[in-house]
Amino acid sequence: MNAVTPIAADALRDQIQRHLTYTIGKDKGHASHFDWRMAVSYAVRDLIVDSWFAATRKTYEAKGKRVYYLSMEFLIGRILDDAVVNLGLHDQIKAVLAEDGIALDDVIADEPDAALGNGGLGRLAACFLESLSTLGCPAHGYGIRYEHGLFRQRFSGGQQVESPEDWLNQPHPWEFERPEASYTIPFNGYVTDEDGQSVWHPAETVHARAYDTPVVGWQGRWSNTLRLWGAHPTELFDLERFNSGDHTAAAAPEALARTLSRVLYPEDTTDSGKELRLKQEFFLTSAALQDILRRFLSEYDDLSLLPEKVAIQMNDTHPALAGPELIRLLVDVHGLDWARARDIAGRTLNYTNHTLLPEALERWSTWLMGRVLPRHMQIIERIDAEHAQATGCAPHLRIVWQDQVLMGTLAFVMAQHVNGVSALHTELMKDTVFADLHMLYPGRILNQTNGVTPRRWMRLSNPALSRVITDRIGSGWESDLGRLSALVDHAEDAGLHGDIRAAKTANKQAFATWLQNTTGQIINPDAMFDVQVKRIHEYKRQLMNIFETIARWSAIRSNPDANWTPRVKIFGGKAAPGYFTAKDVIRLINDVANVVNNDPATAHLLQIVYPANYNVSMAQRLIPAADLSEQISTAGKEASGTGNMKLTMNGALTIGTLDGANVEILEHVGAENFFLFGMTAQQAAARGANPGHARSAILASKPLQDVLQMIAEGRFSPEDPSRYHGLVDHTWNHDPFLVTSDFDAYLQCQKQVDVAYRDTTRWDQMVLRNIAGSGFFSSDRTIKGYMNDIWHTQSLL
Ligand code: 26Q
């Protein structure tokens with residue numbers, strides 16, 4: 001249905017040529033990779049537009065329920081590569097470009113990542129959009145069109161240095177600007193009561209303008225829309241001021257408005273409490289809700305039908321103003337009474353929680369909220385009063401408590417369904433942070449374990465493995481990932497083992513070549529690639545990994561002739577600019593790399609790699625090349641993880657704790673094919689409550705004492721021996737994420753990994769069983785779960 005009509009090579013060539021000449025205005029002989037990319041992107045986009053319109057038509061005809069996914073982050077990455085693969089055009093375009101001596105890979109690599117997200121939450125939203133299209137679920141993503149996405153990272157003297165990202169500083173061929181789709185977003189001011197009606201008199205307004213990007217699903221059968229909002233001034237500039245010569249002040253309204261969509265907050269999991277962030281959240285939420293209601297009212301005239309026709313998903317609490325904003329629009333603008341509006345909102349909204357870390361739970365002072373959104377503050381207080389009345393809850397379970405608006409509580413109280421993102425995380429929600437609300441609203445919490453799209457994370461990023469799989473089990477697994485389980489029928493097949501191994505080796509070689517070309521560093525592709533890629537956070541315990549690396553280096557030096565398994569330790573990830581402990585960890589990794597990589601006694605057995613600026617595109621190169629996946633967070637802290645899933649489906653084995661979705665990965669691939677270590681969530685919680693936990697763990701571990709001693713002595717920072725005294729002291733005396741308590745178990749487990757890797761038959765078997773067991777982790781399965789259990793929607797395919 002609606003599949004994009006196959007296009008002949010001649011037609012494709014003509015379209016690319018035509019765009020190069022007439023859209024870009026370049027002659028072949030003078031065209032750069034950028035010019036070719038534009039021409040190819042426009043030609044591919046043309047093919048998507050037809051399926052996009054067809055899907056829109058069908059959605060209007062079906063009059064079914066639509067899904068709206070509200071998210072402050074969409075970490076998309078490159079768009080052309082994904083579109084080309086989903087349309088099945090890779091080989092054709094490659095051939096067409098080759099005629100002019102142009103490599104498709106170079107054209108693709110010219111595209112900057114759309115990095116409108118920090119990490120897991122934003123990337124999940126991008127995978128969800130792709131699965132929604134693949135499944136033919138009528139849906140819109142709503143987000144902010146940040147001019148500057150996540151900062152670029154480089155290292156100077158081993159330290160992270162940030163610079164602004166600038167992806168829109170060049171034409172962006174994938175978006176359609178919609179000047180006609182524009183809404184006024186009010187801020188500040190005051191509220192008056194006019195005959196029992198509340199009237200908000202905002203002191204400031206900006207316009208939210210829509211920019212649409214089509215999101216094409218697998219084989220082009222369906223395309224949904226990602227609608228991003230850009231902020232524009234309601235008044236262009238102050239002409240009077242301009243004429244009087246004050247040119248800077250004349251442009252002030254424009255500058256003010258544009259800051260709203262200027263830059264993505266690079267903080268993940270810390271509550272920054274900044275006014276601009278609150279305004280961004282409201283900007284997204286209000287624009288999305290006005291758009292949703294406008295579309296709904298173009299099709300229906302009875303607003304009580306809203307919950308039947310619309311499902312809104314709040315991606316964490318960042319868009320949780322959707323509750324009060326929907327009520328405001330229904331009551332103040334559309335004239336419904338409070339009770340009906342409250343009821344409609346409560347049956348339309350749903351909330352996904354992504355973290356239990358207390359510092360990440362959003363809260364806003366009532367003072368700030370009351371100033372920026374005075375009408376919403378009133379509405380929140382009324383929602384809260386009714387919540388208290390209905391449940392008789394204790395004061396700390398109120399939405400407003402101790403002069404703060406608790407956004408998690410607001411989202412929970414307003415939502416029809418509240419979900420966690422892995423089985424363990426959902427159970428912990430019920431048992432800990434949301435235990436009381438769970439009692440007050442039983443049945444509201446449910447689980448939807450995360451997933452990732454196999455189109456980008458296998459087909460596109462790992463064509464070598466994809467070919468091997470298709471040769472064995474046929475095509476079709478890309479949109480029905482459970483079929484990978486058919487690979488277990490070949491579990492003992494040495495031919496298949498060899499093919500998978502050859503694919504991995506080729507990917508490792510390709511990564512090594514890329515690394516050498518971009519950084520000059522030469523690595524041994526025959527060594528085990530041991531990979532930890534994710535945001536740098538204390539709870540993710542990159543520190544434990546680098547401690548193990550130091551212990552390993554030291555052990556190799558003392559016993560060089562032992563039977564060592566050569567390893568390349570690969571790190572990737574950014575720290576929030578204000579997260580100083582995380583930045584210390586980055587510097588330590590780079591300092592250790594500097595010493596270890598220059599030690600001729602160990603260089604053939606241990607190397608450390610930390611390429612700067614890890615992003616989606618780097619993940620696509622690195623994940624297919626990984627042998628070992630480090631998923632070593634303190635149990636109970638990682639809500640799910642999604643990199644863990646990508647690595648599993650690409651044939652990396654996991655060394656990990658019983659945390660987040662690791663638990664389910666272990667179940668699906670089999671405990672004998674997973675390197676499990678460390679405390680459980682319950683044990684970790686108990687251990688952390690013991691004030692002397694770090695000191696006693698260190699005193700019980702000679703290898704750990706030695707590691708800390710080396711760092712404290714300045715072995716890795718000889719020019720500044722005291723550089724890590726703070727970090728070492730923090731480890732001895734605080735260690736909030738229990739690195740010290742799990743360290744010995746981790747060290748032992750890493751030794752088992754070494755042994756397993758040397759037994760290639762055993763390793764190959766384990767790899768095969770990991771790939772075969774990874775089918776559950778497709779985001780198609782996740783989205784089907786949301787469609788059935790939360791949205792109650794149907795596919796239109
Ligand atoms: C909040 C307030 C102010 C500024 C920023 C923020 C903010 C921004 C981003 C808070 C949190 C985030 C991101 C959280 C996140 O990425 N969580 C991850 O979500 C993944 C998808 O569910 C999970 O797999 C990860 O386990 C979880 O850490």
Side-chain angles (χ1 to χ4, degrees), residues 69 71-75 115-128 143-144 146 149-150 263-282 284 313-321 351-364 368 404-408 411 419-426 428-429 447-453 533-541 573-574 576-579 631-647 656-657 659-665 681 737 777 779 782 786:
Y69 198 82
S71 179
M72 288 287 282
E73 305 196 5
F74 287 94
L75 185 44
L116 311 184
N118 275 290
L121 168 147
R123 183 55 233 175
L124 184 77
C127 284
F128 278 10
I144 294 180
Y146 300 109
L150 187 60
V263 35
L264 166 78
Y265 267 79
E267 232 66 37
D268 65 335
T269 74
T270 45
D271 181 1
S272 62
K274 295 282 194 302
E275 177 169 346
L276 178 61
R277 171 78 184 188
L278 179 63
K279 287 185 159 181
Q280 284 188 335
E281 294 184 356
F282 181 64
L284 159 67
Q313 194 67 35
M314 299 185 282
N315 197 22
D316 216 293
T317 56
H318 316 156
L321 287 165
Y351 156 52
T352 304
N353 173 276
H354 295 267
T355 182
L356 299 173
L357 295 181
E359 62 271 30
L361 296 175
E362 281 191 294
R363 44 186 83 213
W364 298 103
L368 180 65
Q404 295 197 309
V405 182
L406 307 184
M407 299 303 273
N419 76 285
V421 291
S422 74
L424 175 69
H425 166 63
T426 301
L428 290 172
M429 282 176 73
N447 179 54
Q448 297 296 346
T449 298
N450 283 167
V452 303
T453 168
V533 284
K534 48 186 83 250
R535 284 295 285 251
I536 311 300
H537 258 289
E538 287 172 275
Y539 83 80
K540 294 175 188 283
R541 299 199 291 193
K574 298 176 184 179
Y579 190 173
Q631 308 300 337
I632 59 177
S633 52
T634 316
K637 301 297 178 189
E638 188 71 272
S640 162
T642 45
N644 48 359
M645 303 170 183
K646 295 166 196 164
L647 284 152
T657 49
D659 200 16
N662 293 354
V663 176
E664 289 155 87
I665 292 176
F737 295 101
F777 301 101
S779 45
T782 312
Y786 279 83

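Quantities reported herein were computed from a predicted structural model and do not represent experimental measurements. In listed order, ligands and their atoms are each counted from 1.
No part of Met72 comes within 4.0 Å of ligand 1, judged by heavy-atom distances. If you look at Asp316 next to ligand 1, there are no close heavy atoms at all, none under 4.0 Å.
Using a 4.5 Å cut-off on side-chain heavy atoms (C-beta onward), Asn419 and Gln313 make contact. In this structure the side chain of Thr782 never reaches within 4.5 angstrom of the side chain of Thr449, judged on heavy atoms. Under the 4.5 Å side-chain criterion, counting only non-hydrogen atoms from C-beta, Arg277 is in contact with Glu362.
Looking at Gly641 next to ligand 1, an N or O pair under 3.5 Å apart turns up. Backbone and side-chain nitrogen or oxygen atoms of Leu121 are examined, and one is located within less than 3.5 angstrom of a nitrogen or oxygen of ligand 1. Where the criterion is an N or O separation shorter than 3.5 Å, residue side chain and backbone included, His354 meets it with respect to ligand 1.
Within the structure, ligand 1 lacks Gly660 among the residues with a heavy atom less than 4.0 angstrom away. Put simply, part of Asn450 is less than 4.0 Å from ligand 1, judged by heavy atoms. A heavy-atom separation below 4.0 Å is found between Tyr539 and ligand 1. Heavy atoms of Glu73 approach ligand 1 to within less than 4.0 angstrom. Using 4.0 Å as the threshold, His318 has a heavy atom nearer than that to some atom of ligand 1.
The atoms of ligand 1 that sit less than 4.0 Å from any heavy atom of Ala639 are 26 (O).
Taking each of Glu267, Arg277, Gln280, Glu638 in turn, the one with a heavy atom nearest to atom 26 (O) of ligand 1 proves to be Glu638.
Put simply, CG on Leu647 and CE on Met645 are 11.5 Å apart, with the number rounded to the nearest 0.5 Å. A distance of 8.5 Å separates CD in Glu638 from NE2 in His537, rounded to the nearest 0.5 Å.
Nearest heavy-atom pair across Leu284 and Met72 is CD2-SD, 3.7 Å.
At most 12 heavy atoms of other shown residues, nucleotides or ligands fall within 6.0 angstrom of atom NZ in Lys637.
His354 and Asn315 are linked by a side-chain donor-acceptor pair at a separation below 3.5 angstrom, with hydrogens and angles left out of the test.
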